[in-house]
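For reference, the structure discussed in these notes is given below.
Every heavy atom of this structure was used, including side-chain atoms; hydrogens, water molecules and symmetry mates were not.
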Amino acid sequence: MDDLRLSVLGPMQVRRGAAQLRTGGPQQQAMLVVLLLRRGLAVGAGELAEAIWGDEPPGTATGIIRTYAWRWRRVLEDGERPQVLATGGDGYRLDLPTSAVDVFRAEEAAACAERASTDGETAQARDLLDAALAFWRGEPLAGIPGPFADRWRRLLADRRLALLEERIALDLALGDHRRCVPELTELAAAHPLRERVHLLLMRALAQAGRTADALAAFRAVRRTLVGELGIGPGAELESEHRRILAGGSVAAAPSQPAVRASVPRAAAAPVPAPVPRRPAAAVLPVPGQLPPDTSDFVGRETLVMALGEALVSPVNGSPAIVSVAGMGGVGKTTLALHVAHQVRRFFPDGQLYADLRGEGPDGGRPAAVLANFLTALGIAPEAVPDGAEDRSALLRSLLADRRLLLVLENADEAASVRPLLPGTAGSAVLLTSRTGAASSLATLHTDLELFTPEEALGLLGRVIGPERLAAERPAALGLVSACGHLPLAVRIVAARLAARPAWTVASMNDRLAVEVRRIDELRIGDLAVEAAFALGYRQLSADQARAFRLVAAVPGPDIGLNAAAAVLAVGRDDAEDLLESLVDVRMVESLRIGRYRYHDLLRSFAQRTSRRTDPGEAAAARQRLLGFLTATGYEAFRQGCPGDEIDRVFARPSATGLSFADRVAAQAWVSAESGTAVALAHRIGTEPPDGEGADPDHRERLNDAVDLLVMLSPFELGPHRGPLTEAVDALAEAAVRRGDARAEGRARFLRGNIALDLHRLSEARRQTRLAAAASRAAGDTAILRQVLNDGGLVAQYLADYEEADALYGEAVELARRLGHRAGEVATRVNVALARVYGGRAEEGAAVCRAVLADLARGLPGGPAEEGPGRAYAMYVLGLALHTLGDHPEAVEWFGRSMALASGLGLEVRAAQSRYRLADSLRAAGRLRQAVEHAEAALAACEDLGAERDQAHALLALGRALAELGEEGRARACLLRARALFTGLGLPVDAHHADLVAGLVAARTA
């Protein structure tokens, strides 16, 4: 990765060493730009689509993005290097060092320039800024479409101009006016309203002895400003003009320190330039009510610039009104005050500040705030009008033709804000709120996000010292993660560490690891996360407060609307109204329609509040959730295993759940709620079964939790495989402690199933044998049949075909005794697969044809019951035919299996059929088609996270590419496949091992 270089300060270029790599079309480039400029953060598919196409992405946007990701992997990675483009959630993340990207290298040079300038090394600072500017090769992101690229193109162009101005100022400080005058003349023509350019031009001309030209330059910019903006030159320009008129010496140092190293530049110099305070008919006081800025403010550079520019840019003759909303503790006040101090010089008539929540009965009411503002502006208390309406009118009169900044905190109601607004464009208003209710009044509104990990580390390091942070960086990452990247929480732990030099970052991390104590740990002095959250909680209605507490009792990453309705014991519409109202006040988040989640610290606060309010309400809420999930899982299982005698496997649930029209709908629900189901089952598995604190209903709850996970087992669970393993282990251990053979057998069945999917064969064999013993002891024949089938698969993978035959045979007999036709079909096809792998492919083909003939006569459940078995039989028949060398017919059966599996929502089976189809196409000589199918199969397997299938798809792709003569790509694919097989502890078959060795040898030669 060290030789990879990406450049976007001009047309996009990607190089590895001296070689320039392909970057694809403009939209493919747009995708990489988003990932690149988000600096290692995962970007979801929806956000990528919006960044590339705006408000109207194509219906196939997700598929297109997936294709772009696959293409970029081919460009950025090879088989011998670490992964560069990683999958993160439903999106992607770019893992590149900042030294590989021209934007960040330019910023590093600018940061070094700032330090050199601060240290008085003016010449060195000038040279470093020259080095930073050299990274620009034309228009940034040239030709790249989309709103994200448009926004960053402007920001990066502005950034270059700011750096250029600073470098010119340093040149002038060094007396090098000859270089500067031509540059500045060109810049002044290109940016007629940018005052600093004109100031530097005047300074350069005066330094060159061209005083008359310098004065003429001032007259020209004054005419432009008055004509275009209706304002005169700013204070700096006026001062420079007076000094030149007086024949004063040119300043020997830049007028401002070097530009801070941030992309883009913070709002230290937004446009337009500061305006001198105009004389008024009556001299009013100049209030300066802003609380102090935070000395250790970090991050938010882009947002600071955007807010600052919006405040000093009136819109259509109306005052600029900027609104910032966010949850408690996210840093609204800190940000607002920082921005206010950055732009205060643009408001020479003063700054007014009020907290609209206030203290006392009238503290935050508009009438009281207006009275305070009027007296601050020089109105005698006895002259303040009585009514709020008259006070508002007088305030607007006083603000007319003046430039004041009003900062209003906790502006949670638009009605409280309207009377405080100026009526003319000279003044501006900065609002903060939890709800964003006043955003309808704003010319710019933003919802403040949590810190990024780097921003959180930046604040931590600023407070505790960079050396201490560097010494324990991994622990520091864990610490800010435990704080949920909430700025207030990070500030508190940083302050506690700073006050206790003997504490390590790791020790603070350990204190936060105990979830029930975490909220208590997050306080120091008058700073407390709990206090910030309690402020919002106290504003909730009784129904909102109950919903806030109960939904937080649900474990898992998020919760869907139907599940939340069950938890709250209300209808779906009522649940939606309650949860959406909590989203409005930033107590709950909703990342997409119908799904809700908590910030980790807010969840801890809600759970603590619940224990104090009603100690039993959380357990009752989880029991209602378990009932809903089990009832809905029961209906999903009907679609996932339509041939099972479901009432033999599970007791009919007493609760009410959802029903599904087909397997695809059931899979969609499982994908959405499996995280919640797995987390709930894990919690039940870890509950104390006996002794103090035990619940007499725990045995029933334990069996319900195990059954729930069995109900979900026919479906793809996506990213929840790791938590599922932990949950199943916890349930198995709980069942053993209780002596519950039924629950143990089912839990171990699931555990063996997981190990089999991961191809951990020793573990799979151990668990299936334990599951079989427990199921026999419990008389649980329905599960025993499936356990025997899985045991046969394990034996087959271990090439123990004799044991596989015995286990499959007993499983088929049990299926027939139970009348389980679909299970019988699946096991018969497993027998066929064992025949193929055992060197008896003709027998395997015959078994598959017999199964397909039986299925043609139909099963009791009709097509829904037949479908999965039919797709599997077609797949194994294709394998048998491929093994026998009948590649054209193998192509036909793999194609039919893929189409049927896709229609049924069996994504893994469809992907497997596709890469097998690719290999048969290759063997049939249809190489280009083979490559296309192998590439599509690989992309699908990557999205599914199926590593073993990824390896098989890479083998198919590598073989096809090798036969096409594309040895470089073939070698990369085969090396990746080998690495995956090695990581899974699986062998590469002899043919592919020889092929890899041959290609590597060819490369060496």
Side-chain angles (χ1 to χ4, degrees), residues 1 3-4 13-25 28 66-85 878-879 881-892 894-895 898 911-942 948-982 987-1005:
M1 194 186 298
D3 58 352
L4 196 63
Q13 289 183 356
V14 180
R15 292 180 176 274
R16 178 172 283 114
Q20 184 163 327
L21 307 181
R22 291 178 297 176
T23 59
Q28 181 176 323
R66 187 181 298 153
T67 300
Y68 290 162
W70 175 78
R71 290 176 181 171
W72 276 121
R73 285 194 179 104
R74 291 172 59 191
V75 171
L76 299 174
E77 301 171 1
D78 63 41
E80 299 173 341
R81 295 171 182 270
Q83 188 178 49
V84 175
L85 183 58
L879 284 176
L881 293 166
H882 181 91
T883 303
L884 292 167
D886 190 350
H887 302 120
E889 190 175 357
V891 166
E892 178 186 348
F894 284 134
M898 180 180 71
Q912 291 169 338
S913 299
R914 189 184 285 273
Y915 65 66
R916 297 294 187 188
L917 169 64
D919 207 38
S920 290
L921 286 167
R922 175 202 56 76
R926 295 157 64 180
L927 298 179
R928 288 295 176 192
Q929 287 178 273
V931 168
E932 290 175 8
H933 280 289
E935 288 176 340
L938 177 59
C941 294
E942 287 174 339
R948 178 172 171 270
D949 290 307
Q950 285 179 51
H952 280 294
L954 284 162
L955 286 179
L957 179 57
R959 292 192 70 183
L961 290 169
E963 292 189 23
L964 276 170
E966 297 187 29
E967 293 188 356
R969 289 181 60 200
R971 180 170 49 250
C973 289
L974 294 170
L975 287 171
R976 279 184 62 195
R978 186 171 68 181
L980 284 169
F981 279 125
T982 301
V988 184
D989 67 70
H991 176 83
H992 291 107
D994 291 344
L995 183 59
V996 172
L999 288 169
V1000 171
R1003 179 187 187 187
T1004 304

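When all heavy atoms of Phe894 and His882 are compared, the pair lying nearest together is CE1-CB, 4.5 Å. When all heavy atoms are compared, the tightest approach of Ala977 to Leu955 is CB-CD2, 3.8 Å. Of all non-hydrogen atoms in Ala890 and Gly878, the two that sit nearest each other are CB-O, 3.6 Å. Across all non-hydrogen atoms, the minimal contact from Leu957 to Cys973 is CD2-SG, 3.6 Å.
The closest side-chain heavy-atom distance from Arg928 to Leu964 is below 4.5 Å. Side-chain contact check for Gln20 versus Val14: every heavy-atom pair is 4.5 Å or farther apart. By the 4.5 Å heavy-atom criterion applied to side chains, Val75 and Thr23 are not counted as neighbours.
For Gln28 (side chain) and Tyr68 (main-chain N/O), no donor-acceptor pair under 3.5 Å exists by modelled atom type. Although no hydrogens or angles enter the test, the distance criterion places a donor-acceptor pair under 3.5 Å between the side chain of Arg73 and the main chain of Leu85. Using modelled atom types, one side-chain atom of Arg16 and one backbone atom of Leu76 make a donor-acceptor pair closer than 3.5 Å.
Ion pairing between a basic and an acidic side chain is recognised when a charged N comes within 4.0 Å of a carboxylate O; Arg916 and Asp919 show no such pairing.
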**Request:** Apply the test salt bridge (Lys or Arg N to Asp or Glu O under 4.0 Å) to residues Glu942 and Arg976: give CA-CA distance (whole Å), side-chain angles for both, the deciding distance (0.1 Å), then the verdict.
**Result:** CA-CA 13 Å; Glu942 287 174 339; Arg976 279 184 62 195; 3.2 Å; yes
side-chain contact (heavy atoms from CB on, under 4.5 Å) for Arg15 and Leu4? Distances and angles first, verdict last.
CA-CA 6 Å; Arg15 292 180 176 274; Leu4 196 63; over 6 Å; no
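Taking the six-membered ring where tryptophan is involved, the planes of Tyr915 and His952 are essentially parallel, since the angle between them stays under 30° and well short of 60°.
To the nearest 0.5 angstrom, Leu921 atom CG is 5.0 Å from Arg926 atom CZ.
Remark: of the listed residues Leu975, Leu974, Leu980, Leu975 is the sole one forming a side-chain contact (heavy atoms from CB on, under 4.5 Å) with Arg978.
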In a table with atom names and distances, give each donor-acceptor pair under 3.5 Å that connects a side chain of residues 932-940 to protein atoms at least two apart or in another chain.
unit_1	atom_1	unit_2	atom_2	d
His933	ND1	Arg914	NH1	2.9
Glu935	OE2	Arg969	NH2	2.9

